[in-house]
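See structure below.
Here the structure is a predicted model, which means the values were calculated and not measured. In what follows, chains carry the letters A, B, and so on, assigned in the order in which the sequence lines appear, proteins first and then strands, with residues in each chain numbered from 1.
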Protein chains: 2
Amino acid sequence: MTHKTTLKDVADAAGVSINTASRALNHKPDVKEETKERILRIAKDLHYVPNAMAQALKGKHTRSIGVIVDDLSNPFFAEVLKGAEEVAASRGYAVTVGNSAEDPKKELHLVRTMIEQRTAGLLITPTQKDSSFISLLHQEPLPFVLVARRFESIATHAVLNDDFSGAYQAVEYLLRQGYQNILFLNAPTYLWSASQRLHGFRQAMEAAGRAIEPWQIQCCLPTLQGSYEGMREILPTLTAAPDAVFAFSDYMALGAIKALREAGLRVPDDIGIMGYDGIDVGDMISPALTTVRIAKRRLGREAARSLIHLVENGPGNAKQTILPPELVIRQSTPERTQAIKDIQ
Amino acid sequence: MTHKTTLKDVADAAGVSINTASRALNHKPDVKEETKERILRIAKDLHYVPNAMAQALKGKHTRSIGVIVDDLSNPFFAEVLKGAEEVAASRGYAVTVGNSAEDPKKELHLVRTMIEQRTAGLLITPTQKDSSFISLLHQEPLPFVLVARRFESIATHAVLNDDFSGAYQAVEYLLRQGYQNILFLNAPTYLWSASQRLHGFRQAMEAAGRAIEPWQIQCCLPTLQGSYEGMREILPTLTAAPDAVFAFSDYMALGAIKALREAGLRVPDDIGIMGYDGIDVGDMISPALTTVRIAKRRLGREAARSLIHLVENGPGNAKQTILPPELVIRQSTPERTQAIKDIQ
DNA sequence: TTGACAAACCGTACCGGTAACGTTAATATT
DNA sequence: AATATTAACGTTACCGGTACGGTTTGTCAA
């Protein structure tokens, strides 16, 4: 078994001290050019790979950041993660992931693990069912940046989507298309994003002078299955027939569509559908899904950039970056003319 | 700024030596029960978190494994990653991810980073455009397990799906449904999985006594966009009209469906579609997608289990685990009776 | 000649743990 | 009483680097 080559091996082979070898490899001064080149060559020949553990033990921080999300297999979070990985890798950082599964216990456990691993910083989409992990991070202290969500009453760094504006634009658009009875299929409002979008929905309706009936605001688990089952349960209870569904996410829109179709409704002829997120498959299904696109990758990239800045330059005042969403109009929300409405 | 509490702090506070504190925290013998409890309590009060770096530096390996995949936002890999994370987290391991983006250069770079981070082992879905990362891993030596793919000529640990069988079953089923002109929209065959499925396709056709025309085997990039564009290009060049498309993945099936519909074909009335992978959205779209389900999460779990076994018990002979796929019949591949065929 | 100064090294003390090996004092054995 | 044994600690040497401060050698100026 080939003994893992250490800095000492390189130094010995080059006939210099460990110290000199270290300086040469780190391109620091006080090493003759000739010696430096020799050391570098030998290091390469011996396949020397520095031990990040030892470096981290000595220096301030490791070169890896942690990313904790709700659900790794949800394309929204997957894209965010991808963006973060992109930036991290380009800056020489490794990315350690955690899947909280929306379970605050697991979230806390993951944070603890990351602290143990001496992760340099943390990117996290909090479950928002519990904020105790924040005090843990504060007392370390370990820099962290919230992604896509924030706590109303706690000032932290965060990179967010303008969910209020996104929902506002969506509803404004739906009304402009002539929809009269919009059903908002939201996620639980302990999620910042959900409460923001609810806000947006309300404001847009109000601005258009529309009253909101209680049945128009519904809530279910933000998953494919959750929205499918939720929609099935909700449909029979409605006191009026919706002519459009605005879902919290594209995934939820897919689930809703399935439930609507099973109930005998034609999409988009009988009922329009609007999603949120802008996942790739939205454009591949039929009808292509109208949605509000979040710059997911960019969210991840910006967050990673912020975090790495914090790691390398020390803490700063809680700063929030808010990215603008983009309305993406496709085929699932055709125009409703008054004529058609009258016929109905 | 609160100084990060170290083992020494705990020891001092408890009035014992560092060593005793260490033994107490690790539940090792030679510590009086009373002392041990005191130390544990103090450690908790001081929010002591062991430094994994220091432990790793001393011990054999870290408690984190690396996972490198083609594309984090592809639901197939996302599910695999999720499965791996599940097992790793439950065993106290952290998961470091890398996105190779099918780029062998980035793949190599990531492997190098993981080695630097002294990852205990590696899970990897190789790009298969280059196998040089393997020699890097061998000379470390760092245990690794390939996932979903393997190299024909290199014996390594691997956890695989039985892609031959999956494709065979798929084609057999399509033929049983009465399809006469199946188009196989495959991924590049340098991918082990693609070559295996091609094998399965061929064997199943042969077993049914069907000849394979050249146009029936096509290949394009294994992405949503790739299959959409690929299908658009392929369609006009076909010398015969396919009555079914068997795609390498569900994502590719989605892309293909869009291209087919744009070409004026009705799915599934004019042309049947079959995918592979069994991603969740397959069941939500219309028509619900017939597919071959891979136990993705389980793939990730088994791989992580194998790897952790290697890490903790030393290397063993290259062992391959092959998971059976499952045919999932839905609405995208309705029966074609001879009558219908004649009418056409 | 000799002191000043810089270039190019080397020695050594950490970082925060773990583990092999001593040490001490109390109890058990003969 | 003397020796053996053991429970319960403490000492110290690593692990693989980094960084601060010497030490050597050579050049140049006074």
Side-chain angles (χ1 to χ4, degrees), chain A residues 2-40 42-43 46-64 92 113 115-120 140 142, chain B residues 2-40 42-43 46-64 92 113 115-120 140 142:
Chain A
T2 348
H3 193 275
K4 210 162 278 187
T5 68
T6 127
L7 183 56
K8 184 179 178 342
D9 299 331
V10 176
D12 287 353
V16 295
S17 76
I18 296 185
N19 191 335
T20 305
S22 171
R23 283 199 317 274
L25 290 168
N26 292 319
H27 300 97
K28 297 204 167 179
D30 285 351
V31 184
K32 207 199 299 181
E33 195 57 35
E34 183 192 320
T35 317
K36 179 170 164 178
E37 278 168 19
R38 181 160 45 92
I39 293 175
L40 289 177
I42 290 177
L46 263 47
H47 300 105
Y48 168 70
V49 180
N51 185 329
M53 304 299 108
Q55 300 185 132
L57 193 53
K58 185 68 188 170
K60 312 176 193 305
H61 56 255
T62 57
R63 283 194 83 79
S64 75
T113 302
I115 293 175
E116 260 188 58
Q117 302 280 338
R118 289 300 187 271
T119 298
E140 253 337 284
L142 188 64
Chain B
T2 347
H3 192 275
K4 210 161 278 185
T5 68
T6 123
L7 182 56
K8 184 179 181 337
D9 300 331
V10 177
D12 287 353
V16 296
S17 74
I18 296 186
N19 188 339
T20 305
S22 171
R23 283 201 311 271
L25 291 167
N26 293 318
H27 301 97
K28 297 204 169 178
D30 286 351
V31 184
K32 207 201 297 180
E33 196 56 35
E34 183 193 319
T35 317
K36 179 170 165 178
E37 277 168 19
R38 182 161 43 93
I39 294 175
L40 289 178
I42 291 179
L46 263 49
H47 300 106
Y48 168 70
V49 180
N51 185 328
M53 304 298 108
Q55 300 184 132
L57 193 53
K58 185 67 188 171
K60 313 177 193 303
H61 55 255
T62 58
R63 282 193 83 78
S64 75
T113 302
I115 293 176
E116 260 188 58
Q117 302 280 339
R118 289 302 187 270
T119 298
E140 251 339 282
L142 188 64

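- Atom NZ of A/Lys36 is separated from atom C1' of C/dA7 by 15 Å (rounded to the nearest Å).
- Rounding to whole angstrom units, CZ of residue B/Arg63 and C1' of C/dG17 are separated by 16 Å.
- Nucleotide D/dC14 holds its P atom 12 Å from the NZ atom of A/Lys8, rounded to whole Å.
- Considering every non-hydrogen atom in both A/Ala24 and A/Leu40, the closest pair reads O-CD2, 4.2 Å.
- Take the nearest nucleotide of DNA chain C for A/Gly15 and for B/Met53: the residue whose nucleotide is more 5' is A/Gly15.
- Within the 4.0 Å cut-off from OP1 or OP2 of C/dT18, at least one side-chain nitrogen or oxygen of B/Gln55 is found.
- Checking the phosphate oxygens (OP1, OP2) of D/dG10, a side-chain nitrogen or oxygen of B/Thr20 falls inside 4.0 Å.
- One interatomic measurement links the two molecules: CZ of B/Arg23 to P of D/dT11, which rounds to 12 Å at whole-angstrom precision.
- For C/dT18, neither phosphate oxygen OP1 nor OP2 lies less than 4.0 angstrom from any side-chain nitrogen or oxygen of B/Lys28.
- Contacts of A/Lys32 classified as salt bridge (charged side-chain N to carboxylate O under 4.0 Å, His left out), with partners at least two apart in sequence or in another chain: none.
- Closest approach of A/Leu57 and B/Ala54 over heavy atoms only: CD1-CB, 3.9 Å.
- Each of B/Thr35 and A/Ala54 was matched to the nucleotide of DNA chain D holding its nearest heavy atom; the match closer to the 5' end belongs to B/Thr35.
- Look at B/Ser22 and you'll find a side-chain N or O under 4.0 angstrom from OP1 or OP2 of C/dT18.
- Distances from the side chain of B/Leu57 to the nucleotides C/dG16, C/dC15, D/dC9 place C/dG16 closest.
- The interatomic distance linking A/Asp9 (CG) with D/dG17 (C1') rounds to 13 Å, in whole Å.
- Judged by distance alone, with hydrogens and angles left aside, A/Asn26 brings no side-chain donor or acceptor close enough to the base of D/dT18 to form a pair under 3.5 Å.
- The B/Ile18 side chain lies nearest to C/dT18 when the options are C/dT18, C/dA19, D/dA19.
- B/Asp12 CG to B/Ile42 CD1: the interatomic distance, rounded to the nearest 0.5 Å, is 10.0 Å.
- Between C/dG17 and B/Thr6, a contact under 4.0 Å exists linking OP1 or OP2 to a side-chain N or O.
- Rounded to an integer number of Å, the gap from B/Asn19 CG to C/dT23 P is 15 Å.
- For B/Asn51, the side-chain atoms get nearest to C/dG17 when compared with the rest of C/dT18, C/dA8, C/dG17.
- Distance, B/Leu7 CG to D/dG10 P: 12 Å, rounded to whole Å.
- Side-chain contact check for A/His61 versus A/Arg118: every heavy-atom pair is 4.5 Å or farther apart.
- Separating the CD atom of B/Glu33 from the C1' atom of D/dA8 is a distance of 13 Å, rounded to the nearest angstrom.
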